[in-house]
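Worth knowing before you read on, the calculation uses all heavy atoms, side chains too, and leaves out hydrogens, waters and symmetry mates.
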Amino acid sequence: MKASLKDHRQKVYQTKDTTKVEAGLKEVGFGILTEIGIQATMKKKLDKDYPPFQILGACNPVFADKVLTAEPNVSTLLPCNVTIQSLGGED
């Protein structure tokens with residue numbers, strides 16, 4: 001039986017290492033389409049300081065095909081975003 005995304009949530013919840021998150025997502029059929037470094041982006045665009053914070057745009061092509069076939073307007077919700085951020089304590 002294939003592991004679900006929910007099964008991996010705890011394994012990668014408290015890590016700043018995106019490779020672990022990406023590996024967990026890959027195990028359940030997701031790939032990373034985009035990566036946004038909020039800390040660097042906000043500093044560059046607004047000269048505002050943010051703690052380390054990344055957004056990964058993840059997609060599972062099989063799931064995307066199913067939902068887009070059923071409802072094309074769901075495209076506004078794709079890709080699925082996964083955030084990685086410091087919640088205090090150790091980074």
Out of curiosity, does L33 fall in the hydrophobic cluster containing L56 (side-chain heavy atoms, cut-off under 4.5 Å, transitive links)? no
Linked, directly or transitively: V28 and V62 (ILVMFWY side chains, under 4.5 Å): no
Are V82 and F63 linked, directly or through other ILVMFWY residues, by side chains that come within less than 4.5 angstrom of each other? yes
Give me each pair satisfying side-chain hydrogen bond (donor to acceptor under 3.5 Å, both in side chains) with a member in residues 28-39, each pair once, sequence neighbours excluded. none
Under a 4.5 Å side-chain heavy-atom rule over Ile, Leu, Val, Met, Phe, Trp and Tyr, are I32 and F30 clustered together? yes
Listed once per pair and sorted, the salt bridge (Lys or Arg N to Asp or Glu O under 4.0 Å) pairs that draw on residues 49-62, sequence neighbours left out: K43-D49
Between atom CD of Q54 and atom OG1 of T41, what is the distance when rounded to the nearest 0.5 Å? 9.5 Å
Same hydrophobic cluster for I36 and I84, using side-chain heavy-atom links shorter than 4.5 Å among ILVMFWY? no
Are L68 and L78 close enough that some pair of their side-chain heavy atoms sits under 4.5 Å apart? yes
Looking at every heavy atom in both A58 and L25, which two are closest together, and how far apart are they? CB-CD1, 4.1 Å
Shortest non-hydrogen contact from A64 to C59? CB-SG, 3.9 Å
Identify the heavy atoms of Y50 and I38 that sit nearest to each other, and give their distance. CD2-CG2, 4.0 Å
